[in-house]
Amino acid sequence: MDWKSRGIELHHGDCRDWLDSVTADAVITDPPYGIAHNTNYTRFTGGLSDHRNFETPIAGDDEPFDPSPFMRFKKVILWGANCFSDRLPMGTWLVWCKRRDNQIGTFMSDCEVAWQKGGHGVYLHRHIWNGFDRESERGKTIHPTQKPVALMRWCIERLKLKPGSTIFDPYMGSAPVAQAAIELGHRYIGIEKDAKHFATAVKRIESLNMLAA
Ligand SMILES: C[S@@+](CC[C@H](N)C(=O)[O-])C[C@H]1O[C@@H](n2cnc3c(N)ncnc32)[C@H](O)[C@@H]1O
């Protein structure tokens, strides 16, 4: 597929080689949080194996995340920012509540948060995404820290970008930002270091009807 003519650039590699040179209207990304997250979820199922057993850790998650290279971009949203808030200036906080009311406080985090450059407000998005209890994308889990496309659509809409703007996602994972960007008529530059996740991202994007040749 000719990605470039459709305003989509996907790169397999280390984004740190691109961070100083990319031109984009906005960054929306979900980086490694620096928490050495255990991606083998069968520890919660008594060892029962299912499709949520990812044996490989998230690349780069064993070292502190440095958000400073992103500050030069005009519009920025960084997920996982509660883990590196000490390295961020004041900004807007986006809260994603992923639990039903009766699930609050039962097991691990109820919400995830992102930092948005500028402002100081706190905004909430509700979208159920709790293990197998999901409001969208109920099929197979394709990435150990997969985020919903609907959440990324909310992020893009918050940024009030002009049609055809370029969104840069240097920690692409399975590419939910790409899908949301394409569906909303934007251009997209994504980078992913892990070959398996890069292949997953390509598969997702190739499966989008709107890009079918
Ligand atoms: C938290 S995950 C993003 C998951 C994504 N939100 C999704 O829904 O699939 C971070 C991703 O960044 C990738 N990554 C880590 N360090 C990287 C680097 N230096 N350059 C490019 N990708 C990197 C990891 O392999 C992982 O897929």
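Counting starts at 1 for both ligands and their atoms, in listed order. Positions are given from 1, in the same order as the sequence printed here.
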- request: Just need the protein heavy atom nearest to atom 12 (O) of ligand 1, so name the residue and atom and give the distance.
  value: Tyr171 CB, 3.4 Å
message: Once you measure the plane-to-plane angle for Trp96 and Trp79, does it fall in the parallel (<30°), tilted (30-60°) or perpendicular (>60°) bin?
response: perpendicular
- prompt: Hey, what's the ring geometry for His127 with Trp129, parallel, tilted or perpendicular (30° and 60° as the breaks)?
  reply: tilted
query: Less than 4.5 Å apart, any side-chain heavy atom of Ser85 and any of Trp115?
result: no
task: Considering heavy atoms of the protein only, find what lies nearest to atom 26 (C) of ligand 1 and give residue, atom and distance to 0.1 Å.
output: Glu192 OE1, 3.6 Å
Other residues, nucleotides, ligands: >12 heavy atoms within 6.0 Å of Arg204 CZ: yes
query: Would you call the rings of His143 and His197 parallel, tilted or perpendicular if under 30° counts as parallel and over 60° as perpendicular?
result: tilted
message: Below 4.0 Å from ligand 1: does a non-hydrogen atom of Ala201 turn up there or not?
response: no
- prompt: Going by atom types alone, do Asp110 and Gln103 pair a side-chain donor with an acceptor below 3.5 Å?
  reply: no
query: Closest non-hydrogen protein atom to atom 7 (C) of ligand 1, residue and atom name please, with distance?
result: Ser174 OG, 3.5 Å
Sub-4.0 Å heavy-atom approach of Ala59 to ligand 1: yes
message: For atom 8 (O) of ligand 1, what is the closest protein heavy atom, and at what distance to 0.1 Å?
response: Lys147 N, 2.8 Å
Atoms of ligand 1 close to Pro170 [distance to a heavy atom under 4.0 angstrom, numbered from 1]: 21 (C), 22 (N)
message: For atom 19 (N) of ligand 1, what is the closest protein heavy atom, and at what distance to 0.1 Å?
response: Asp14 OD1, 2.9 Å
- request: Run the numbers for me: atoms of ligand 1, each under 4.0 Å from some heavy atom of Asp194, listed by number.
  value: 25 (O)
message: Under 4.0 Å, heavy-atom basis, I'd like to know which part of Pro176 is in contact with ligand 1: side chain, backbone, both or neither.
response: side chain
- prompt: Is Glu135 paired with Arg126 through a side-chain N to carboxylate O contact shorter than 4.0 Å?
  reply: no
query: Can you tell me which residue and heavy atom of the protein come closest to atom 5 (C) of ligand 1, and the distance to 0.1 Å?
result: Asp30 OD2, 3.7 Å
- request: Would you mind checking if Asp14 and Arg16 are paired as a salt bridge, meaning a charged N to carboxylate O distance below 4.0 Å?
  value: yes
Shortest protein contact, atom 22 (N) of ligand 1 (heavy atom only): Lys193 N, 3.1 Å
field: atom 20 (N) of ligand 1: nearest protein contact (heavy atom, Å)
entry: Cys15 N, 2.9 Å
